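This chain uses plain numbering: 1 for the first residue, then up along the sequence. Just so it is clear, the model here is predicted, and its values are computed rather than measured. Every number for a ligand or one of its atoms is a count from 1 in the order of the listing.
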Amino acid sequence: MIGRQITVRGRVQGVGFRPFVWRLARDAGLRGHILNDGAGVTIAAWGSQAALDKFLHNMTESPPPLAAIEAVTTKRLSAVAPSGRFRIAQSDSGEISTEITPDAAICSDCLTEIHDPNDRRYRYPFTNCTHCGPRLSIVKRIPYDRAQTSMRDFEMCDDCQREYDDPSDRRFHAQPNACPICGPKVWLENEEGPIDCTDPLTETAQQLMQGQIIAIKGVGGFHLACDATDAKLVQKLRERKHRKAKPFAIMAKDVDQIRVYCHLSDAEANLLATPASPIVLLKMRQDAPLSSIAPGLDRIGVMLPHAPLHHLLMARVDGPLVMTSGNRSHTPQVTNNDQARSTLADIADAWLMHDRDIVNRLDDSLMRLDHDGPSVLRRGRGLAPAPIHLREGFAGVAQTLAMGAELKSTFCLLKNGQAIPSQHIGDLTTAEIYADFRAKIALFRKLYGMKPEVIAVDMHPDYLSSRWGRHLAEDIGARIVRVQHHHAHMVSCLAEHQINPDDALTVGLVLDGTGLGSDGTIWGGEILQGDYRGFERKAHFAPVALPGGEQAVREPWRNLVAHLIAAFGDDWQQQITGTPISQMLARKPTALISQMIAQRLNAPLASSAGRLFDAVAAALGVAFDQQHYEGQAAMELEAMIGYRAISGGYSAAVSDQGIISWQPLWSDLITDLQAGVEPAMIAARFHIGLAEVLADTVTRVASEAHTNRIVLSGGVMQNRFLHRHLAEKLRARDLTVLRHANLPANDGGISLGQACIAALRD
Ligand code: ZN
Ligand code: ZN
Ligand code: FE
C-alpha cells in the first residue's frame, strides 16, 4: 500500500466536493482522509497504485456539478496507512478559504423530487442540495455555514439533520437544506393581508392568468410578473412602473415554449440551462405576439425557471410571464417583504412572499451568444462573485479595492492573485443604489477579510464612486490611485484573458459614451496603445460638442445638430434640405443649440462614440426626441439593419495625428437620405463604414507598435453587428482579437481594469 497527498485547488468548497471524494475513496477501498484547507482541499490517501490512479482519474473526470478544479498536485506520503476507513476530517485551523460560490439553479435530482408525489419534498419551493440552491444571496458572514446565513432562523428537523450529517447523502453539509416541515414557507397576500388558499402557487398562477400583476420574491430580489402575451396588460405594467420603452425580460417554462416566440440555437439553449441560469437575449420570431415586451428591438431577454419556486409556478401557467425586476424606476430591486409591500404598492396587485431573507441583492444576469461565444452583458445572480484568476505577476501585489465607474456600477477586490468583481449594482446617482453600493463594499470586505492598501478610482472626481473611494482611503489609510476610464476598459479585457503584465503590449479600441480623458476633456472613441502600466492615446474620434451636457445624452437630436455643425459648419441647414430630418429639426430650437456650440456654453467637446450612434439614429428618426434608457438609440439603430446584402460603407477622414473626422460619413449619409435610400440600408452602411475605418486605423497603430494583440472594449462593443465586422476584418489581417466574455464590455467591467492597473502602480 502506498500513500499520496493530493491537494486540489479551485472551487471545491461548499459544492459537495468532500463527500464526493469520500464516496470515491470508499468505493476504491482507500484509507486516509480529506479536509478543507486554506485554498481548497487536501487529501491523504493510501491504497494500491491502481486504486489510487483510478481514484484520481474519477475525481478529475466527473467532479460535482458546481465544482471547478483548477489544479491538482500530488506527492508521496512516507507515513504508514492509518487504520479504519476513509473519512472526512475537521478543517485545519489555519486560514479558511473564503471563496463564496454563486447561487445555482435547481439541479435535476432536486427537480425530480419536487415533482414526485411520493417524495417528502413534493411541491416544496425551497428544495436544494449541495449541487444547487442559494449561496451569495443568503450569506452574511464567513465561513459559509448555516448560522452565518439567512437560514439561521430555521432549525432543521430530524430528517433534514440526518441528511446534513450523512456524507453519503446529497445534502451532506448543504447549508440551506430545508423541507416542508422545517424550512421557509411561501404565501400569497394582497393589500388586505394573506390570502387564504390551500396552495399559494396554484392561486398565484390563477391570478396571473386572470390578468393580475404579481410581485414574486425570488432568489436575489423581487420580480414583477404578468402574462407576457397580453399586450394591454404589459402596457399597464409599463404605466404603473413608469417604464416607457426599456425592454422587459420574460420567463418561459421550457425550451419548447421559448421556441414558440424566439429562434433558439442549441448553444443558446445550453446557455439558458447552465447553473447560472441567466437571462439570454434571443432573436424574436417575426410573428411572436410580444411586441410590447421590447419595443423597437429584435431581441428579447428570456430565462428559464431557476428556483424550485419558479418551476412550480411555471408548471401552473399557460404561457411565458414577464419577469422584470421588482422596483420603481431608478431604485434598486426590492429584497425585503416590508419594502415590497410599500414600494410596490401601486404596481403589484398581489405579492407572492416567503420568509427566507435575501441578504445580497442580485439582479438577474444578462447574456447573449455572439459569433465568438457567450458574452456577459450584466453580471449578477449565478455569476457573481466567481473570482477572476490573474497571472503570477499579481501574486504579491497590495490588496486593492477598485470603485468602478458610475452608471453601471460594480466594485472589485484584488487579493492573493485573484480579483473578485462584485455583482452589478447599478446607477449610483440614485440615492438608494449609492447607499447599497457602500453597504455592499462593507459586506464584501468582511466576507473576504479585505484590508485594502490601495483604492482605485476613476479620474472623474465627481463620480460618486470616486468620492466614496477618497472617503474610504482617508478612513482606512489606503493609497488612492486615479485610473483613466478607457485605460481601465482596455486592461479589464487583458486581465480577463490572463495576459501577463510583463508582456502585455496591446492596441485597445475602446468605444463608449463618455469618460474623462487624461487631458481633462471627454473621451469615448479611443484607440490606445499600452499595457497594464500605462498607455498612449494613438487615435481618437474628432471631438464634437455635447450641447446641454447630460441633456445631449438623453436627447439624440441634439447630437445630430452638433454633428451636422461639426461636419458642415454654418452651412448645415442648406446641406440637409430635402431630407426628412430637415422638417424634424424645424420644430427644435436649433438656433439656440448652434449658439451654445459657437459660444461653448454648456457644450463641452467630446470624442464620444456613443453620441455618434445617437446622432445617426436621430438622422433616421430613431429615438429622435429622447431615449428612455441608456443605449436605446444605438440598440434600435442596430436592430434596424436586419439581414440583408450590404454594399459600401460610409467613409471617414483620418489625419496624420490620428484624429478621425466623420465629415465624409455625414455627406454620404445626407446624400442617401436625399435619394430616399431605405433607413435599414443607411444603418447598415454606417456600421460597415465605421468598422472599416476603425479596423484600418487600429491595424496601422498595431503595426507601428509591433504588436498584433488587439483589445475591443467599451459599451459600444456590445453592438453585435459592429463587433462582428470589426473582429472579422482584424483577424483577416492576422491580428489577435481579445473580447470580453466573462465581464461586461461596458462600465460594469471597468472595476477589474482599475484594480489591476492600481495594484501594479508604484
Ligand atoms: Zn439539488
Ligand atoms: Zn426538514
Ligand atoms: Fe465607459
Val616 side chain reached by Trp662 side chain, heavy atoms, under 4.5 Å: no
Ile660 vs Val693 side-chain heavy atoms within contact, under 4.5 Å: yes
Asp747 atom (N/O/S) at minimal separation from the Fe ion (ligand 3): OD1
Vertex the Fe ion (ligand 3), arms to Asp512 OD2 and His485 NE2, rounded to 10°: 90°
Metal check, the Fe ion (ligand 3) vs His486 N/O/S, cut-off below 2.8 Å: no
Exercise: identify the closest heavy-atom pair between Val457 and Ser465: CG1-O, 4.2 Å
Pro744 to Gln718 - nearest heavy-atom pair and separation: CB-NE2, 4.1 Å
Mutual orientation of the aromatic rings belonging to Phe126 and His354 [parallel < 30°, tilted 30-60°, perpendicular > 60°]: perpendicular
side-chain hydrogen bond (donor to acceptor under 3.5 Å, both in side chains) partners of Glu526, counting only residues at least two apart: Arg537, Ser607
Modelled atom types, side-chain donor and acceptor of His740 and Ser713, under 3.5 Å: yes
CZ-CE distance between Phe17 and Met59, expressed to the nearest 0.5 angstrom: 5.0 Å
At the Zn ion (ligand 2): angle between Cys182 atom SG and Cys160 atom SG, to 10 degrees: 110°
Environment of the Zn ion (ligand 1) in terms of protein N/O/S atoms, cut-off under 2.8 Å: Cys107 SG, Cys110 SG, Cys129 SG, Cys132 SG
